[in-house]
Structure formats: C-alpha cells, structure tokens
Novice: 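Here it is, the structure, as structure tokens.
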There are 2 protein chains.
Amino acid sequence: MRIMRAEQFNLAREVEYGTPEQNESVRGIVEAVRTRGDEALLELTEQFDGVQLSAAQLRVTDEEINAAYDRVEPDFLDALRGASANIRAYHERQRRQSWMDVQPDGTVLGQVIRPLKRVGVYVPGGKAAYPSSVLMNVIPAQVAGVPEIVMVTPPATGGKPGIDPYILVAAAEAGVKEMYRVGGAQAVAALAYGTESIAPVDKICGPGNIFVALAKRAVFGAVDIDSLAGPSEIAVLADDTADPVYVAADLLSQAEHDEMASSILITPSERLAEEVSVEVERQLVLLPRAAIARESIDRHGAILLVDSLQAGIEVVNRMAPEHLEVLTADPMSLLGSIENAGAIFLGPYSSEPVGDYFAGPNHIIPTNGTARFSSPVNVDDFIKKSSLISYSREALLRDGAHIMTLARHEGLEGHARAIEVRLEKEAGAAAVDAAAQQTIKGKKA
Amino acid sequence: MRIMRAEQFNLAREVEYGTPEQNESVRGIVEAVRTRGDEALLELTEQFDGVQLSAAQLRVTDEEINAAYDRVEPDFLDALRGASANIRAYHERQRRQSWMDVQPDGTVLGQVIRPLKRVGVYVPGGKAAYPSSVLMNVIPAQVAGVPEIVMVTPPATGGKPGIDPYILVAAAEAGVKEMYRVGGAQAVAALAYGTESIAPVDKICGPGNIFVALAKRAVFGAVDIDSLAGPSEIAVLADDTADPVYVAADLLSQAEHDEMASSILITPSERLAEEVSVEVERQLVLLPRAAIARESIDRHGAILLVDSLQAGIEVVNRMAPEHLEVLTADPMSLLGSIENAGAIFLGPYSSEPVGDYFAGPNHIIPTNGTARFSSPVNVDDFIKKSSLISYSREALLRDGAHIMTLARHEGLEGHARAIEVRLEKEAGAAAVDAAAQQTIKGKKA
C-alpha cells in the first residue's frame, strides 16, 4: 500500500451520473411506465429480467414469505433479529414531537411533525442484495411512523426467477407488508407515478445500479428520493498506539466492497504506516475478494503521513469521509475537532463492520465528501413538518401595521389589504390609524 | 372567479425545468467560473449585468452597508426588526442537541449534530428583491449555528449599478457579515466551487430566476441546495362562518404574486362560493397588480364545491398546498386530519401575509404538491448529523459472532475478519469458538 505525504494526495473524486445513452434509456422507461402503467411494467420486466409475469403475479404472496423463512439458517435469523433490535433502538431515539408555542395574547405557533404516508424501498437483486441494507432503509421509515412501506426488488436472482429468501425475511422482519417483484428503472417509475397494481409513493429510497440511480433522479420532484451513493470510503486516523493488524483488516473490509472503494490511513506515525502497509499485503492475499481489494487499494487506497494528529484531523475534515475510525490513545478527546464525517468509530473495538451490521446507527452514510452537508439515513428523512399559525385578534391588531409596512415596501398591496380589511372590520377604520400611530410612537421611543 | 365541483378540477401542475438551451447556457457559465474563477466571474458580470468590476470591488463594504441604513425609512426598519425577532424566536425552538446513549457495557452510541460551516444565500435583484426572503433564508442558518453566511446579489438594480439598500439592511440585520455583488448562474457557480475572491460554501439557498435555479441543480452534489420553488399557492378551506371579504382578500394576496400563482377556495357552502366570487371581482380591480391577479385567478384560480368539510380536507390532502387557510367554525378541530400542507393558518386572524412577513414561521414553503414529503425551510436544513459508535470490548466479544454471521452471509469475508482478528487478539482463538457456541445456544433457547 503506497505511503505518501498527505499534501501530495488528491482528495477530489469524480462522481458518475451516467452516459447520455443511459439517461436517454431511463427517460424512455420512466415515460413508458408513467403513461402505460402495468402493461409497460410487465413488458419491461420480461425484457430486462427475462421473467414473464401477469399483473396479478407482481405482488409477493404471504406463502412465499413464509417459505422463505424455512430456507434461512437459524443463526442468520438470530443475527438479523439482534441487528434489527439495535437499529430500532438507535432510531427510536431520533423521534421528534410536534410542538406548540402558546403565547399570552392567544396566538399559537407551532410545527406539526408527521410521517410520510407511503415510502418505497428499492432492493437490488443478485449479489448486491444485502439483507442488512433492507433493515437500514426500512426501520427508520417505520420508526418515523410511515404507515405504508413498500419493497420492490427484481423478480430474478442471478438469472433464475425468484427472490433471495434472505431479502424476503429481512423485509418481513423489518415489518414490510407489501412487496413487488419488479426492479430497475421501471420499478422506480412505478413507485413514483403508480400503475394499476402499485400505488404511488411519497419517497423512494434504497440502492441500485446506475439505471435505478438515474431513474430516481428523473422522478425527483414528483416524489422525494434519498441521496445517490457513491463508492464506499473509510478513513482511519491512527497514532502509535493503534494495532496495525486491526487497521489493515479495517482498510481491507472497505476495499473488498468494490474496485472504486477508497481506504485511507492518516497517521503521524511512520512506524505504523510501514507496519500497516506490510500487514495489508499479508491479509489481502487471504481474502476471497482479493482481486477487488487489490484494485481498490492500488487505485484509491493510500497511507497519508501527517505531522500531528491535529494535522490529520484537518485532512479528515477536508475529506469528509463516509466512515472515520479513530484509533488513537484517547479518541474521545478528538471528537470535538471532527467537523466532517458521516459515521465516527472511536477506539479499537469499533471496527467499521460493527456499524455496518449491528450496533444500531445507520450504515447508509453520505459519500464523496457530502458528509460536509448531509447525514446518514435517519428518522427525519421520513417525516415532514408543517408550520402552524393561529394568530389572535389581539396580535393582529398589534402587528397589523408592521405587516402592512413590509408588504407595501415589497410592492404587494394585495397582501397589505388582506390585513387592512381585517383591521377595518374588527375595530373600524380608526384601528388602522391607531395601529399606524403606534408604529410611529414605537419609532420615536 | 369560476366555481366548479372539486372532482372536475385537475390538481396536476407541470413543473418548469428550463429549455435545453437554458440548460446548455448554464452549464457553460458554471464551467467557466469553475475553471477560470474570478476572471470568468467578472466577464460574465459585465456581460449579464452591464457592470464592470474589479475583483477587489466584488465585496460589499461596511461603508455601503452603513449608507444603506441612512436610506431606509424608520418604520421599515422597525417592522423588519419586529419580524426578525419573531422569526428568530420561532426557529430557536427548532434547535437540536447532540445525544449519547451510554450503555451499561461501556458502549457509547450517539448522534453528533453540527451546523454546516459555510452557507451561501442568493438574493435576486430588481423587483424580486424581497427583504423578507433575506430574513427567512438567513435566520434559520444563523440559529443553526452556521458560522459563515455569505450573501450574493446582482450588482445592479433595475439597470442601475448598486444594490437595493433594503436588501443590504435586511442582510445586515439578519447578521450577514460577508456580501458580494454578483448574481445569476455565475454567482451560484462561484459559491459552489469558489474563486480567488469568494470561498466555496457547503450549501446554497435562496430564490432566483430560471438560470439561478438551473445553476443550483447543476452544482448539486458538490454542494447542497435548497429545493426549487414553483409558483406560489394558497388553498382556503372555509365554511358558512367565513367572511367572504377576508377570503377574497387572501385569495388575491396570492394571485398578485405572479400569473402562475394559484388561489383555490374549497368549501361546502354554495352561498360562500357565490359571495367570494363576487367579492374577488370587486377587490381585484382595486389592486395595483390587477392585471397579474386577473390572469392568475382566471388561469389557476378556482372555487371548488365539496359535499362536506371532510371531503374538502381530502381535496387539500391530495393538493398538498404550500399555504392552507382554515376559516371554519372550529379550525383547530380539523388540524388532525390535515395530512399535507406546507403551512397551516387557522382562523380569521391568520391571514397568509401574517406568516409571509411577521409571525415567525418560515415563508419558504414547499410548492407544487411537494408538501407531501418536504417541509418549510427550517433549522434542520442547516445542520448535519454524524453517527457516533464507541463499542466496548465486552460488547464486541458478545456481538462478534452475529456480526461475522451477517458479513459472511453477504459474501464480505473481509468484514468478518476485521471482527475475527479482534476476537482472536482480545481473548484468544478460544473466544471465537465460544462466541460461536453462544450463538448456537441462543438459537436453541
């Protein structure tokens, strides 16, 4: 693994938004489903997934879900349930309350917090079908109180018809009651605009290939979407006290994801740098996904030397990594200076997979530097807020003149008159004058 | 104003995303500023605003801001300060705390909440320069704790060089310390990528013309952006008890915004429908912006008759209006059934301009049905959350087997090994076996 000075490393990464041809293809698919509904959906499913379905077969039946339970190992189910409970507990702490501010004059202001009504979760097929991601998308929506959570997933796994039973079990465990065997851009379009068989949703989330990502962008506005994830990243900030075996294993756990994944060690310790470099080589060759990890480490991995931990934190803050591990003598003491990182793992026992699978925090985390301004998936992503204004007569008589002043300044006489007709009616024309006088007095005081 | 049955009204509205030529033009502008910085910024400012500036002249000076104070009327300043105080108070109630969950085994999980570091607020020039919108964009960011808030606004007002003094005063009152005389797509690009004179930001918000909107879309990903606003909308839900004069005035205050604005009355009362229709005609001709209001009312306005208030609420929920006024005998009793509305105004004294200018809630509210899944501008728009995981040794020994089970199921052996190396080292290879045994026992139990 290459070792270099932090200054020599280029933090900028390019984001992939698809070729013009891919965008064109997705637009066609979305438009077809939007205008022709189920008919187009079934045609496209046959074309892309090689599976012929009737509209009645789109929905996954309870029998299939029950059969899936018989096909998963008990230790998988145990682990899944343990993870679910932790994820639920962590996200429960994020729930928010509507609030009201009841003022002495009788005015009530507030914020009404409500869950979205219907959310669609996309789950990819094939090797990218991760039960853990099903939990991470569904549970926050459920904790938010979303009453209708719908899963869509391609009707075939690895070329064979049928949905991965682990995915069905994960969705059922997370509480999904409505599942459809449909994938790709056509599934996203169906969720956004609805078809005869699938009712439209308010938000679509979940990972997918480039066509799914482009389809989400295309329907954004008609529905909400989650953010588009880039390749996964880890930054490890470590000092002399870190165990090079742990550091190397954690870097490799990121690198095995895909060739574009990025694993970066930042350290002021030349000794640790050397040891981790050697250890990465030793561990890498033993991995089943060694070829992928090799390419990731060679192309996007690096060990960056810095003058101090504080200098290392500056690199971290510029990088805004998806995952940050802090393996130093006193990691908690550095928390206050970490400005940008999606998820922060402190200390030797907080290996990234602890968070990927089990601890409770969400594993869907902003990538590509967007942790500067965005957050891991959380309960707030599935709520909306409405402002509440119940102004009292007294307050309107008191504030009317100010409101009219501001409206008239902006050339919006109609706004001013909406207040004026009330002042006149409530207290007679005299009140309008009185309100104006009050303002003038206020100025002099 | 036309009266019809609610079923006959088409709720769908088209969203404008610019012509291909406009998109192309914006891409060129953004790329020029991104690659050539100040040089391109100054060229484009001369080209589009007709103002020749040096880089040193981009920043608005303290002298200009002080001079602006001398040019605004005292009653404007009073009203502005009253509005600012209310907006600040309302948004202060939205502030959130980081939290930690300290578990008995020593594990600490949490969510670290931090403000964005640097936010750019776009303020349009000319007639669309609304001081109230400056407050509504800046104050939530400030309450969130954003340390650097930057305003950009075109260098000329109505063809003449110089920035509207009311805008400068509003920004100064809201607490903006850094202002630049630059507008259009070029200003958005400068905020997103930075130039020699303007440091890049983390988020860009504020309204603008189609070029500004398209530029925001183009830079999204490099920075965060606020949502793209459509034409303004009001729905008034009213019964027999509503005053037709108030209702008509409120509908017109929306209609005067622009020809695309939409004003809808929903009522089970035929009498009210007739009276409001007449009253709208009477009040409309008296407005300075009568021509705009006329077109808005004729093209996008309607009085919709429904069988009951409950049926009216269903129409409201499908519409998801930006603004909803409830003028009924007991408006609070309907609050629970209002699922979709950006801002809810209850009762006869809560005319929409009360919220547009003064009460405190934000006046930047989701349009075009997006209140189904999004919220008025609020403090959360200017924070980000980082997950915190500090796992204890005890917890890792306890949960390690589950984590390895899930990782191995997903084919991510490197993830499992990151846990395994720790279990081996912390407790010897026996611990790995013991953990596996525990899992098996757990299954049998």
Side-chain angles (χ1 to χ4, degrees), chain A residues 15 74-76 78-79 82 109 116 130 202-203 221 224 245 249-250 252-253 256 287-288 341 343-347 349-351 353-355 357-361 372-373 375-376 384-391 393 396 399 402-403 405-407 409-410 413-415 417-418 421 439 442-443, chain B residues 74-76 78-79 82 109 116 130 202-203 221 224 245 249-250 252-253 256 287-288 341 343-347 349-351 353-355 357-361 372-373 375-376 384-391 393 396 399 402-403 405-407 409-410 413-415 417-419 421 439 442-443:
Chain A
V15 186
D75 67 331
F76 170 83
D78 270 359
L109 303 178
L116 307 192
Y130 290 147
D202 299 315
K203 178 166 187 161
D224 196 15
V245 175
D250 293 355
L252 286 169
S253 79
E256 75 170 346
L287 288 178
I344 303 166
F345 296 76
L346 297 183
Y349 311 114
S350 308
S351 176
V354 169
Y357 288 111
F358 208 78
R372 264 168 44 237
F373 51 76
S375 306
K384 62 195 173 182
K385 304 153 203 159
S386 299
S387 307
L388 177 68
I389 300 178
S390 175
Y391 233 49
R393 182 173 177 281
L396 187 71
D399 298 335
H402 280 332
I403 298 169
T405 296
L406 291 169
H409 170 75
E410 294 186 356
E413 178 64 22
H415 285 60
R417 296 214 181 147
V421 294
T439 311
K443 269 182 291 180
Chain B
D75 67 331
F76 171 84
D78 270 359
L109 303 178
L116 306 192
Y130 291 147
D202 298 316
K203 178 165 188 162
D224 195 15
V245 175
D250 293 356
L252 286 169
S253 80
E256 75 170 346
L287 288 177
I344 302 167
F345 296 76
L346 299 181
Y349 311 114
S350 308
S351 175
V354 169
Y357 287 111
F358 208 77
R372 266 168 44 238
F373 51 76
S375 308
K384 62 196 174 180
K385 303 152 202 159
S386 299
S387 306
L388 177 67
I389 299 178
S390 175
Y391 234 50
R393 181 172 178 282
L396 187 71
D399 298 335
H402 279 332
I403 298 169
T405 296
L406 291 169
H409 169 75
E410 294 187 354
E413 178 65 23
H415 284 61
R417 294 208 184 154
I419 304 301
V421 295
T439 313
K443 270 181 292 181

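Fair warning: this is a prediction, and the values are worked out from it, not measured in the lab. Letters A, B, ... mirror the listed sequences (proteins, then strands); counts begin at 1. These numbers come from the heavy atoms of this one structure, side chains and all, not from hydrogens, waters or symmetry mates.
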Novice: Any side-chain donor-acceptor pair under 3.5 Å between B:Tyr391 and B:Asp399?
Specialist: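 Side-chain D/A pair, B:Tyr391 to B:Asp399: present.
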Novice: What option among B:Ala249, B:Ser351, B:Pro361 has the most heavy-atom pairs under 4.5 Å with chain A?
Specialist: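 The option with the most such pairs is B:Ser351.
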Novice: I need the residue from B:Ala407, B:Pro288, B:Gly347 with the largest number of non-hydrogen atom pairs under 4.5 Å to chain A.
Specialist: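 Of B:Ala407, B:Pro288, B:Gly347, B:Ala407 has the most heavy-atom pairs under 4.5 Å with chain A.
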Novice: What residues, two or more places apart in sequence or in another chain, satisfy side chain to side chain contact (heavy atoms under 4.5 Å, CB included) together with A:Ala341?
Specialist: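 With sequence neighbours excluded, A:Ala341 shows a side chain to side chain contact (heavy atoms under 4.5 Å, CB included) to A:Pro321, A:Leu324, A:Ile338, A:Ile344, given in chain and number order.
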Novice: With only heavy atoms counted, which part of B:His415 is less than 4.5 Å from chain A, the side chain, the backbone, both or neither?
Specialist: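 Both the backbone and the side chain of B:His415 come within 4.5 Å of chain A.
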Novice: Any sub-3.5 Å donor-acceptor pair from B:Ser375's side-chain atoms to A:Lys385's backbone N or O?
Specialist: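 It does hold such a pair.
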Novice: Could you have a look at B:Ala359, B:Gly82, B:Gly360 and say which one has the most heavy-atom pairs with chain A under 4.5 angstrom?
Specialist: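 Sorted descending by pairs with chain A, the first entry is B:Ala359.
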Novice: For residues A:Leu116 and B:Arg372, report the shortest heavy-atom separation together with the two atoms involved.
Specialist: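 Here A:Leu116 and B:Arg372 meet closest at CD2-O, 3.6 Å.
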Novice: Find the one option among B:Asp250, B:Ile419, B:Leu287, B:Leu252 whose heavy-atom pairs under 4.5 Å with chain A are most numerous.
Specialist: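 Result: the option with the highest number of such pairs is B:Asp250.
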Novice: What residues form a side chain to side chain donor-acceptor pair (under 3.5 Å) with A:Lys203, not counting sequence neighbours?
Specialist: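 Partners of A:Lys203 under the side chain to side chain donor-acceptor pair (under 3.5 Å) test: A:Asp224.
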